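Bear in mind that the values here come from a model prediction, so they are computed numbers and not experimental data. Numbering of residues begins at 1 and proceeds along the displayed sequence.
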Amino acid sequence: MSFESLWADQSAIGRHPETGGYTRGGWTPSEREATHWFLNQCATRNLTVESDGIGNHIAWWNPRGEPVHRPAPRVGGTAQPTYPGGPGARPGDPGSGVGDRGTGVGASGSRVGDPGSGAGASYAVAGGDAGWSGSSASPGGEPAGGPAFRPGVVTGSHLDSVIDGGAFDGPLGVVSALAAVDRLRAEGFEPGVPIGIGAFVEEEGSRFGMPCLGSRIAAGVLPAEKALRLTDRTGVELRQALEEAGIDPAGVGPSPLMQRMGTFVELHVEQGRGLTAPVGVASSIWPHGRYRFTFTGEANHAGTTLMEDRHDPMLTYAMTALAANKQARLAGARATFGRVAVEPNGTNAIPSQVTAWLDARAADTATLESLLAAITRLSTERAERDGTTVEVTAESVSPIVDFPAGLRDRLSDVLGGAPVLPTGAGHDAGVFSAAGIPTAMLFVRNPTGVSHSPAEYAEPDDCLAGVEALAAVLKDLAK
């Protein structure tokens, strides 16, 4: 399929009919549908799909003669993924809505194309979203009971979105990866090392509040016990959400998929106005964090309480939001209060508590820390005047990521001297880079600079240029 066909095929999933925005929170029906679409595309290309305990997927195009990778069963992995065909249905099952009808899957752990599987294609799902770890390695780095499997070049991105977000943030990287592999195959290119297409879960953190949740768990940055206690806005824990999606929480933890990720290249729409060429290369990701501000005061009647007698946390919050804006401008940084919860949230009541979440970013760690300190100081001073209190909790903090200069420059050279620029947006690529995997990013031009909004956009010609650039990079890295 062409890039245009692939893009059109997935673009309706999770799209709001009125705003045109996308809402694909982790493990929600729309995000699951997008994942099923991805698995279906892998099936049509005879790619070998492996997954881990949280639901990250990598689909492999293996070199000719590469041994089939058979993951070892994961202890406790009894739950099976839920596909449209019902509990336990898998890609390729009749009625699953994923893969070719009639291919079927044999006994637990068998692969399509294996003896006894009842199918001739080489497509495989390593346990779908659950039931398998992805691989089991001995201390020497060799999968238990089989030959060593070479690390490969992985590309891809994520399929989830922010609430009412844009079409390009995440899916552009996945669709471009599929199109780039199609292009290389059409050229007759034979990879010297495996090429993988990754789809990583809950990158935006729009449901559980933790950005890059899937990659953080995979890299071992976020402990499983902490991750499983995360709750969404309705109070549902991640553990429950996984179970409802047919995923066994016992499998959540550091991912064996990381063992085969020799190099990672993520293509992404650029999320500012810094790129003037169709395609660019990332130099770094700014340090950034999410901080919860809890303002506590005294609930009272809006009509009878004198203004001078109030202890209104909304006033403290309002001044803090203005202070954050001013301090960020002075520092050349970014500070945004984009989410607020008010209690008791009544029109005729002074609030007892206001909880607000700050997203702060800066070009370096010292500036970020200084920015947060200034906002916290000004907020505390205002709270003292208002007769309220403020408590600041860091929910997630990501340090600066400088992508390896050698890999960055190599990609720029392959692309004829493509421009190099930093980004203030966080990405799975940043998590993998911090975990020690050689990582790079390609950006596709965003003419308006608008992102995390239905107005997010990239020109079709620039998207096609991105596919060509990614194909050239994969060809160079996997030769």
Side-chain angles (χ1 to χ4, degrees), residues 1-15 22 24 26-52 55-62 80-106 110-114 117-132 134 154-161 167 170-186 195-201 214 245-247 257 467:
M1 294 177 68
S2 66
F3 170 85
E4 294 90 339
S5 296
L6 286 166
W7 187 254
D9 199 35
Q10 61 81 44
S11 62
I13 302 172
R15 187 173 187 268
Y22 290 79
R24 297 176 180 173
W27 304 281
T28 60
S30 58
E31 186 269 349
R32 292 290 86 186
E33 184 180 353
T35 297
H36 299 152
W37 173 87
F38 171 71
L39 294 175
N40 181 48
Q41 293 302 321
C42 296
T44 63
R45 289 162 175 78
N46 292 333
L47 302 178
T48 301
V49 181
E50 296 172 3
S51 64
D52 61 16
N56 296 312
H57 295 282
I58 296 181
W60 292 102
W61 173 20
N62 291 310
Q80 297 298 326
T82 301
Y83 289 104
R90 292 172 176 267
D93 288 349
S96 70
V98 185
D100 295 332
R101 292 183 180 271
T103 57
V105 177
S110 67
R111 294 165 165 272
V112 180
D114 287 352
S117 71
S122 61
Y123 168 71
V125 171
D129 288 342
W132 300 91
V154 180
T155 186
S157 192
H158 60 96
L159 293 166
D160 66 298
S161 76
L172 181 63
V174 177
V175 174
S176 296
L178 290 166
V181 166
D182 288 348
R183 184 183 184 90
L184 291 175
R185 282 178 156 178
I195 293 177
I197 301 174
F200 304 99
V201 292
I247 302 173
L257 296 178
V467 172

(request) Using a 4.5 Å cut-off on heavy atoms from C-beta on, say whether the side chain of Leu172 contacts that of Trp7. (result)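 Trp7 vs Leu172: side chains touch.
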Which atoms form the tightest heavy-atom contact between [X] and [Y], and what is the distance?
{"X": "Asn56", "Y": "Gly214", "value": "ND2-O, 3.1 Å"}
{"X": "Gly14", "Y": "Ser30", "value": "CA-CB, 3.8 Å"}
{"X": "Ala245", "Y": "Arg32", "value": "CB-CD, 4.4 Å"}
{"X": "Gly173", "Y": "Ser157", "value": "CA-CB, 3.9 Å"}
{"X": "Val201", "Y": "Trp27", "value": "CG2-CZ2, 3.7 Å"}
{"X": "Ala199", "Y": "Leu159", "value": "CB-CD1, 4.3 Å"}

(request) Mind checking salt bridge (charged side-chain N to carboxylate O under 4.0 Å, His left out) for Arg15 and listing every partner two or more places apart, or none if nothing turns up? (result) none
Rounded to the nearest 0.5 Å, how far does [atom2] of [Y] lie from [atom1] of [X]?
{"X": "Asp182", "Y": "Trp61", "atom1": "CG", "atom2": "CH2", "answer": "9.5 Å"}
{"X": "Gln10", "Y": "Asn40", "atom1": "CD", "atom2": "CG", "answer": "13.0 Å"}
{"X": "Arg185", "Y": "Arg45", "atom1": "CZ", "atom2": "CZ", "answer": "8.0 Å"}
{"X": "Glu33", "Y": "Thr28", "atom1": "CD", "atom2": "OG1", "answer": "10.0 Å"}
{"X": "Asp160", "Y": "Glu31", "atom1": "CG", "atom2": "CD", "answer": "6.5 Å"}
{"X": "Thr35", "Y": "His57", "atom1": "OG1", "atom2": "NE2", "answer": "5.5 Å"}

(request) Apply the side-chain contact (heavy atoms from CB on, under 4.5 Å) test between Ile58 and each candidate in Leu257, Asp52, Ile197; give the one that qualifies. (result)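 Only one option passes, and that is Leu257.
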(request) Would you please name every residue forming a ring pair (Phe, Tyr, Trp, His ring centres under 6.0 Å) with Tyr22, sequence neighbours left out? (result) none
